[in-house]
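All remarks here apply to the structure that follows.
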Amino acid sequence: MNKVAIIHFNPIELYPPVMNLLNFIASQQDQNLQVRVFTMHADSSQKLFETNSLLVKICRLGQFRKDSASQAYSSYFSFYAGAIAEILSWRPGAILYYETLSSLPAYFYKRILHSKCKLFIHYHEYVSPGEYENGGILSHWLHRQEKKLYSVAEWVSQTNADRMRLFLQDNNLATADNQHIMPNYPPASWILKREKKPAMSSLKIIYTGALSMDTMYLKEFAEWVLKQPDHVTFHIYSSNTNLETKAYLQSLDNQRIKYFEAVDYFLLPEILANYDVGVILYKGHIPNYVYNAPNKLFEYFACGLDVWFPENMKTALSYLTTGTFPQIKAFNFSQLDDIDFPAAVKTDGLRYQSSGFFCEDVYLNLFDRITN
């Protein structure tokens, strides 16, 4: 029996790429495979994720509490102790961990107890040396330890080549066979062909995901929308924001800009089908958001929406389209009034080209490495 442990400290419900990977693993129907996922409980507002396969078991080890430092460290201790105990009892032959905060059980098992265990490491985000240095004491210490794992891991991956380049520079690593790129693509089932929109019909714009006034062009974009004709609307779906941001959106008191609570990730295609443009708002306040091609870019695109993002998102620039629709476009979000709105959505002379960015193609390589 091939036993694989997946360690993901933060609740997997907040990370669509992990849920997509687990669904992909379940779809392989490999009866010689058992997968156990060690993660935290999501809060009560989140629907708990489960696969349809008995081969994938999700073990939730407590819920993160951060009302005080003592509660936070108690949560860390409970998770690490529980994960280590489960792994020691089960003795997997392979471990995949996500992000530095998930590394301790894998480090303990690989370095101390089972050196032949195959180790796989993936980073959802890029964290610079300065951020590790100035961040939490625990993550700083864990990162110093996990550096010892890079040379013995079967697989170390970032979501794009720019982040991998920075990661190698930061850690003084040379290019090696165990380095991989694993982008955040949606499932192929999300593909939706869209017809061309009639000229000057209603334009519906959507934003999904975490929301911030400080690190995103929310205010700038909302003000731009309000300057456009009445048939332009902007809807936001988010459950990860703060009171200041909600208060700002409520203060607009305008029917064309609306805020909604986030929907279940797997229902998102049904929501996106009602819109024309998906927008990304990152200001790029840290390198992680400059060298970023986020999952929402590919989710919008798969569902047939045009995608607009700030031109300071350097990695996403490689996905700009030419001569086809849906269109992926970059704008200067500090000067949104320069956008030629009718021209930006015009599709005359463009041919339809569906997205080719799907997670199944990405995860097949990882799955083969883990199971063989």
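If you're wondering where the values come from, they're calculated on a predicted model, not measured in any experiment.
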Inset, instruction - Quickly, which of I95, V37, I370 forms a side-chain contact (heavy atoms from CB on, under 4.5 Å) with V4? Name it, please. - result: I370
Legend entry - For V56, the option from N23, I6, I25 that meets side-chain contact (heavy atoms from CB on, under 4.5 Å): I25
Any donor-acceptor pair under 3.5 Å linking the side chain of [X] with the backbone of [Y]?
| X | Y | answer |
| --- | --- | --- |
| Q179 | A174 | yes |
| N178 | E154 | no |
| Q34 | K3 | no |
| Y97 | A5 | no |
| S78 | S74 | yes |
| Q327 | K346 | yes |

Legend entry - NZ or CZ of K258 within 45° of F234 ring axis and under 6.0 Å: no
Inset, instruction - Tell me whether the guanidinium CZ or amine NZ of R165 lies under 6.0 angstrom from the six-membered ring centre of Y126 and within 45° of its axis. - result: no
Inset, instruction - Would you confirm whether the ring centroid of F358 sits within less than 6.0 angstrom of the ring centroid of Y185? - result: no
Inset, instruction - May I ask you to decide whether D306 forms a salt bridge with K329, counting only side-chain N to carboxylate O separations under 4.0 Å? - result: no
Inset, instruction - Show your working on salt bridge (Lys or Arg N to Asp or Glu O under 4.0 Å) between K283 and E311 and close with a plain yes or no. - result: CA-CA 9 Å; K283 286 183 175 179; E311 60 189 11; over 6 Å; no
Inset, instruction - Name the orientation class of the two ring planes belonging to W155 and H180 (parallel below 30°, tilted from 30 to 60°, perpendicular beyond 60°). - result: parallel
Legend entry - side-chain contact (heavy atoms from CB on, under 4.5 Å) partners for S318, two or more places apart: none
Legend entry - Flag side-chain contact, heavy atom, 4.5 Å: P187 against Y363: no
Legend entry - salt bridge (charged side-chain N to carboxylate O under 4.0 Å, His left out) partners for E86, two or more places apart: none
